[in-house]
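Comments concern the structure below.
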Amino acid sequence: MKSLHFDYYMELEYSQPVRKCHFTIKCIPQDTSRQKVERISIEVAPHGSMAQGYDSFGNKQLFGCVEEEHERFQYHIEGVVRTGLADWEPVENENILGIYRYPHGLTVPGEGLKAYLEKLQVVDRRSDFEKGVFLMHSLYRDFSYEKNVTDVTTTAEQAWQLGRGVCQDYAHILVTLCRMEGIPARYVTGMLIAEGYSHAWVEIMCGHKWYGLDPTNDLIVADGHIRIGVGRDAADCLINRGIMTGGGKQTQKIRVLVEEKYD
């Protein structure tokens, strides 16, 4: 169990003034069986009308409208989360489990991933948890981490054919493999201690419990991870969405810091 201090800063800079902006931001940790938010502070600039709510996956989100003309949009969230309170989370809504059982969007398998799963020969005597861990170990061995070769639109199959990618690609591939093996799996966004970036991993359902697996680092999620959101794939968990008038081209800067807080 750890107390983790996190600091997430996002800045969008526009080449032309934005006259009006509607935004939705999914970057708010929330209480679960595995983590508890002890303190949180949120700042948005320019100021506008804002409210908090939940999306259809149960993720906390901040949404609002800025009517003041601006050339820069900033979001800053900072706080403390106590992690490692449990090894798993209970399945709270069984009515939506079906969406985590079948291919969707960026996790639809192609011939390459189908052939890879067949080659692995996941034996039936393993529990679903053991199967998931086996698939994670195999992916870590057979896939390579490399930045700037994929993007937010890259599918699991495309990343697999490349043979390399980042945490989003690792998570998409593991979700795809698990679902093909009959294991409900969901994509997770969050933050990892000492990472410096936002992070992605996977949760698999075993015995009506969600267990976290981090295929990028080949480890079972423990007290170094802060969970933000879950969904069928990365598109369901996009941290920032918006509709604006004006703006032109935009550049994005993100800074993430997660460190242990000692009492």
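Every value quoted in this text rests on a predicted model; they were computed, and no experiment measured them.
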Among Leu12, Leu62, Asn240, the one residue meeting side chain to side chain contact (heavy atoms under 4.5 Å, CB included) with Tyr75
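Single side chain to side chain contact (heavy atoms under 4.5 Å, CB included) partner of Tyr75 among Leu12, Leu62, Asn240: Leu62.
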Would you say [X]'s side chain and [Y]'s backbone share a donor-acceptor pair under 3.5 angstrom?
| X | Y | result |
| --- | --- | --- |
| Ser15 | Lys249 | yes |
| Asn217 | Leu219 | no |
| Thr107 | Pro103 | no |
| Gln168 | Asp151 | yes |
| Gln35 | Gly84 | no |
| Arg82 | Glu38 | no |
| Arg164 | Val149 | no |

Pairs touching residues 147-177 that satisfy ring-ring contact (aromatic ring centres under 6.0 Å, His included), sequence neighbours left out
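Counting only pairs at least two positions apart or across chains, the ring-ring contact (aromatic ring centres under 6.0 Å, His included) contacts touching residues 147-177 are Tyr116-Trp160, Phe143-Tyr170, His172-Tyr187.
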Quick one: which residue pairs count as a ring-ring contact (aromatic ring centres under 6.0 Å, His included) with a foot in residues 27-66, not counting sequence neighbours?
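Of all non-adjacent pairs touching residues 27-66, none passes ring-ring contact (aromatic ring centres under 6.0 Å, His included).
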[X], [atom1]: over 12 other non-hydrogen atoms inside 6.0 angstrom:
| X | atom1 | result |
| --- | --- | --- |
| Tyr140 | OH | no |
| Asp87 | CG | no |
| Lys36 | NZ | no |
| Glu118 | CD | no |

Verify whether one side chain among Glu89 and Thr32 offers a donor that lies under 3.5 Å from an acceptor in the other.
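There is such a pair (donor and acceptor under 3.5 Å, judged by atom type) between the side chains of Glu89 and Thr32.
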Can a side-chain donor-acceptor contact be found between His104 and Asp236 if the only test is distance below 3.5 angstrom?
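His104 and Asp236 do not have a side-chain donor-acceptor pair below 3.5 Å.
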Listed partners of Ser198 passing side chain to side chain donor-acceptor pair (under 3.5 Å), at least two apart
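Partners of Ser198 under the side chain to side chain donor-acceptor pair (under 3.5 Å) test: none.
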Does Glu157 have any side chain to side chain donor-acceptor pair (under 3.5 Å) partners at least two apart in sequence or in another chain, and if so, which?
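For Glu157, the residues satisfying side chain to side chain donor-acceptor pair (under 3.5 Å) (neighbours in sequence not counted) are Gln161.
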Indicate if [X] and [Y] have the same hydrophobic cluster label, given that clusters are the connected sets of ILVMFWY residues with side-chain heavy-atom separations under 4.5 angstrom.
| X | Y | result |
| --- | --- | --- |
| Ile40 | Met10 | yes |
| Val202 | Leu120 | yes |
| Phe129 | Val175 | yes |
| Val80 | Leu257 | no |
| Leu177 | Val108 | no |

Taking C-beta and beyond as the side chain, do [X] and [Y] meet within less than 4.5 Å on heavy atoms?
| X | Y | result |
| --- | --- | --- |
| Thr176 | Met180 | yes |
| Tyr8 | Ile254 | yes |
| Arg34 | Leu85 | no |
| Val221 | Tyr211 | no |
| Ile183 | Arg101 | no |
| Leu117 | Glu181 | yes |
| Pro109 | Arg179 | no |
| Val91 | Leu97 | yes |

Considering all heavy atoms, the nearest [X]-[Y] contact:
| X | Y | answer |
| --- | --- | --- |
| Leu174 | Gly132 | CD1-O, 4.3 Å |
| Val188 | Val230 | CG2-CG1, 4.0 Å |
| Leu139 | Pro215 | CD2-CB, 4.1 Å |
| Ile28 | Gln61 | CD1-C, 4.1 Å |
| Asp223 | Thr83 | O-OG1, 2.6 Å |
| Ile99 | Arg232 | O-CG, 3.6 Å |

Working to the nearest 0.5 Å, report the span between [atom1] of [X] and [atom2] of [Y].
| X | Y | atom1 | atom2 | result |
| --- | --- | --- | --- | --- |
| Ile204 | Cys178 | CD1 | SG | 5.5 Å |
| His208 | Cys206 | NE2 | SG | 11.0 Å |
| Asn59 | Leu238 | CG | CG | 11.5 Å |
| Lys209 | Trp88 | NZ | CH2 | 4.5 Å |
| Gln30 | Lys60 | CD | NZ | 6.5 Å |
| Leu106 | Asp169 | CG | CG | 9.5 Å |

Between Arg72 and Glu13, is there a salt bridge with N-O shorter than 4.0 Å?
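Between Arg72 and Glu13 there is a salt bridge, with a charged N closer than 4.0 Å to a carboxylate O.
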State whether Arg227 and Glu203 are salt-bridged, where the test is any N-O pair (Lys NZ or Arg NE/NH1/NH2 against Asp/Glu carboxylate O) under 4.0 Å.
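A salt bridge links Arg227 with Glu203.
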Apply side-chain contact (heavy atoms from CB on, under 4.5 Å) to Thr150 and Gln158, showing your working.
CA-CA 9 Å; Thr150 58; Gln158 289 169 338; over 6 Å; no
My understanding is that only residues two or more places apart in sequence, or in another chain, count here; which of them pass side chain to side chain contact (heavy atoms under 4.5 Å, CB included) with Pro46?
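Partners of Pro46 under the side chain to side chain contact (heavy atoms under 4.5 Å, CB included) test: Val66, Glu68, His70, Phe73.
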Output all residues satisfying side chain to side chain contact (heavy atoms under 4.5 Å, CB included) with Lys147, sequence neighbours left out; order by chain, then residue number.
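Side chain to side chain contact (heavy atoms under 4.5 Å, CB included) list for Lys147, sorted by chain: Tyr145, Val166, Tyr197.
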Scan Glu260, Glu78, Lys261 and name whichever one has a side-chain hydrogen bond (donor to acceptor under 3.5 Å, both in side chains) with His5.
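Answer to the side-chain hydrogen bond (donor to acceptor under 3.5 Å, both in side chains) test with His5 among Glu260, Glu78, Lys261: Glu78.
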Before giving the answer on side-chain contact (heavy atoms from CB on, under 4.5 Å), spell out for Val44 and Gln74 the whole-Å C-alpha distance, their side-chain angles and the decisive distance to 0.1 Å.
CA-CA 6 Å; Val44 176; Gln74 298 166 307; over 6 Å; no
Taking it one step at a time, do His76 and Ile42 satisfy side-chain contact (heavy atoms from CB on, under 4.5 Å)?
CA-CA 6 Å; His76 182 210; Ile42 298 174; over 6 Å; no
Whether Arg186 engages the ring of Trp210 as a cation-pi pair (distance to the six-membered ring centre under 6.0 angstrom, angle to the ring normal within 45°) should be assessed.
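Judged by the rule, Arg186 and Trp210 form a cation-pi pair.
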For the residue pair His225 and His199, categorise the inter-ring angle as parallel (less than 30°), tilted (30 to 60°) or perpendicular (more than 60°).
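The arrangement is tilted - the two ring planes meet at 30° to 60°.
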